[in-house]
Amino acid sequence: MCGIVGIVAKSPVNQEIYDALTVLQHRGQDAAGIVTCHNGKLNQRKANGLVRDVFRATHMQQLQGNCGIGHVRYPTAGSSSPALAQPFYVNSPYGISLAHNGNLTNSDVLSQELYQSDLRHLNTESDSEVLLNIFAHELQKLGKLVPTAEDIFQAVTGVHERCAGGYAAVAMLAGYGIVGFRDPNGIRPIVYGRREGKSGPEYMIASESVALDALGYKLVRDLAPGEAIYIDNAGNIELRQCAGTTHLNPCIFEHVYFARPDSIMDGVSVYKARLRQGERLADKILRLRPDHDIDVVIPIPDSSRIAGQSLASRLGVKFREGLVKNRYIGRTFIMPGQSVRKKSVKQKLNAIGLEFKGKNVMLVDDSIVRGTTCEQIIEMARDAGAAKVYFASAAPPVRYPNVYGIDMPSAGELIAHGRTDEEVAELIGADWLVYQNLDDLVACSGEGNKNIENFDCSVFTGEYATMDVDEAYLDRLAQDRSDAMKEKREQLLGSDGALIGLHNDMS
């Protein structure tokens, strides 16, 4: 999962892109990058680290221009090489930079085609570089000296015809403008907004509406599945549907965990969706245990706080902040490497003993993925003196890998895969475990926008919207992202982070 932003304004955009990426930092903490365009020349800065660490005053001064794109990266390929920081760049045609959120499910096939048929060189294993080169090749086929909006939309159509998976992207053509587009299934989010500047309208594209809010842009709407938006350097805007067959299947895990609660996604308030999650979960608890002995509800900060509040209110029990979070530790779920995740839990959270001692505590989390974090937190609650520790998940059991940009690559890593709720409860050390029902979770999000017919719930159901994911694909994915493959990948990385011998492997 990554965060993307693009701005076309009437004044320098470097600081605004920086600010937008800071707002979107929750979507990726591995790397950050900005590319701006000034008088047809691209200026770039990207590196591993948080936004505040990647960009210094000297970098900001060099990022001149009234047009630019930015990216914060969350790794799904098991590597944190500097070469994988985005945006990516190709010089032909025109000079194109691209920032991407999501994952292509047919990137291996596309890599072969790019090398053998399109005669394009790939420098990394990133599917974002694949997406960029597909887009560039589709533009180059048109053979235009100066691209028109129609040419750009035709190239995006070519991207949709060749690429499968969930993706949202922003790309900048040096000296011309910015294009944003969304996959035909609408899995990954992307919105655009408008602001009235002194010299005319200014436009912004971003992963979440909260980035628009922070910079004074008014949300216009989400891009529809398969739709593209083109904003030229003069501020002219055009939108076009570029896919033949489309379905709106937004990722429901955005509402569960990834998105900020103050964002609106496909017309759904993430905040209200999480409130409803808590209410529905409380109703299930009351059905299963009408005479429950829960003394206090304690959320695992931060993404479960809203659901925890509404759950406690519905149950009629106290809601308390019994776990204090260290604000200087990143989001545990999106940290690269299991060892790093384990180490960070106790650095990240500390229990307030008086809220636990002698009480029957209901811990609430947004979801349970690997189970390692909640196991340690339950242990922490018992050490703080809890009499009983119950655990509630605002999401159903996560039993299947995600292939659209979330780091759940192997079913074997998922604690609920092949296990009953009781077996999971025993493994994490809970006295009782309750999961949200899938129908209830879908209803919590669907209530915000009745026009959404389906959500991508593949991590719960194993049903993939792109219809190209089978057991063989999942087996390859698990092998590719195994510890052994990660070690091999690191050995193949050169000093600059570029993958050595990539094309030899494909030939």
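- Here Ile428 contributes atom CD1 and Thr373 contributes atom OG1; the two are 11.0 Å apart, rounded to the nearest 0.5 Å.
- More than 12 heavy-atom neighbours from other residues, nucleotides or ligands sit within 6.0 angstrom of CD on Gln15.
- Sequence neighbours left out, the pairs with a member in residues 204-216 that pass side-chain hydrogen bond (donor to acceptor under 3.5 Å, both in side chains) are His26-Glu208, Arg27-Glu208, Glu208-Ser263.
- Closest of all the heavy-atom pairs between Gly165 and Ile187 is O-CD1, 4.4 Å.
- Taking 4.5 Å as the limit, every side-chain heavy atom of Asp295 sits out of range of all side-chain heavy atoms of Met362.
- Nearest approach of Arg419 to Leu427, heavy atoms of both residues: NE-CD1, 3.2 Å.
- Using a 4.0 Å cut-off between a side-chain N of Lys or Arg and a carboxylate O of Asp or Glu, Asp431 and Arg382 qualify as a salt bridge.
- More than 12 heavy-atom neighbours from other residues, nucleotides or ligands sit within 6.0 angstrom of NZ on Lys284.
- Shown here for Pro250 and Arg182, the closest heavy-atom pair between the two residues is CB-NH2, 4.4 Å.
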Assess the residue pair His292 and Tyr390 against the criterion (side-chain contact (heavy atoms from CB on, under 4.5 Å)); give the C-alpha distance rounded to whole Å, side-chain angles, the decisive distance to 0.1 Å, and a yes or no.
CA-CA 11 Å; His292 69 81; Tyr390 307 130; over 6 Å; no
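- A donor-acceptor pair is defined here as one N or O able to donate and one able to accept, closer than 3.5 Å; such a pair exists between the side chain of Lys46 and the backbone of Ala85.
- A salt bridge links Asp440 to Arg280: one of the charged nitrogens lies within less than 4.0 Å of a carboxylate oxygen.
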As a quick check of understanding, evaluate side-chain contact (heavy atoms from CB on, under 4.5 Å) for Phe55 and Ile34, giving each step before the final call.
CA-CA 9 Å; Phe55 303 101; Ile34 295 175; 3.4 Å; yes
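- Between Asn43 and Gln62, every side-chain heavy-atom pair lies at or beyond the 4.5 Å cut-off.
- Classified by interplanar angle (parallel below 30°, tilted 30° to 60°, perpendicular above 60°), the ring pair Tyr167/Phe181 is perpendicular.
- When every heavy atom of Asn103 is checked against every heavy atom of Val403, the shortest pair comes out as ND2-O, 2.7 Å.
- For the pair Asp293 and Lys388, the salt-bridge criterion is met [side-chain N within less than 4.0 Å of a carboxylate O].
- The number of heavy atoms from other shown groups lying within 6.0 Å of CZ (Arg221) is above 12.
- Screening residues 307-317 for side-chain hydrogen bond (donor to acceptor under 3.5 Å, both in side chains) gives Asp283-Arg314 as the qualifying pairs, with residues at least two apart or on separate chains.
- Here Tyr464 pairs with nothing under the ring-ring contact (aromatic ring centres under 6.0 Å, His included) rule; sequence neighbours left out.
- Side-chain contact between Ile178 and Tyr203 is absent, with no heavy-atom pair separated by less than 4.5 Å.
- By the 4.5 Å heavy-atom criterion applied to side chains, Ile69 and Ile17 are not counted as neighbours.
- Around OH of Tyr271, the count of heavy atoms belonging to other residues, nucleotides or ligands within 6.0 Å does not exceed 12.
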message: Before you tell me yes or no, could you show the steps for Thr124 and Glu129 under side-chain hydrogen bond (donor to acceptor under 3.5 Å, both in side chains), namely the whole-Å CA-CA distance, both residues' side-chain angles and the distance that decides it to 0.1 Å?
response: CA-CA 7 Å; Thr124 72; Glu129 190 183 12; 2.8 Å; yes
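- Ring-plane geometry between Phe253 and Phe460 is classed as tilted, the angle between the planes lying from 30 to 60 degrees on a 0 to 90 degree scale.
- Looking at Asn360 and Ile294, their side chains never come closer than 4.5 Å, going by heavy atoms from C-beta outward.
- Closest approach of Val72 and Gly28 over heavy atoms only: CB-O, 3.6 Å.
- Contact record, Ser445 with Phe455: CB-CZ, 3.5 Å, taken as the closest heavy-atom pair.
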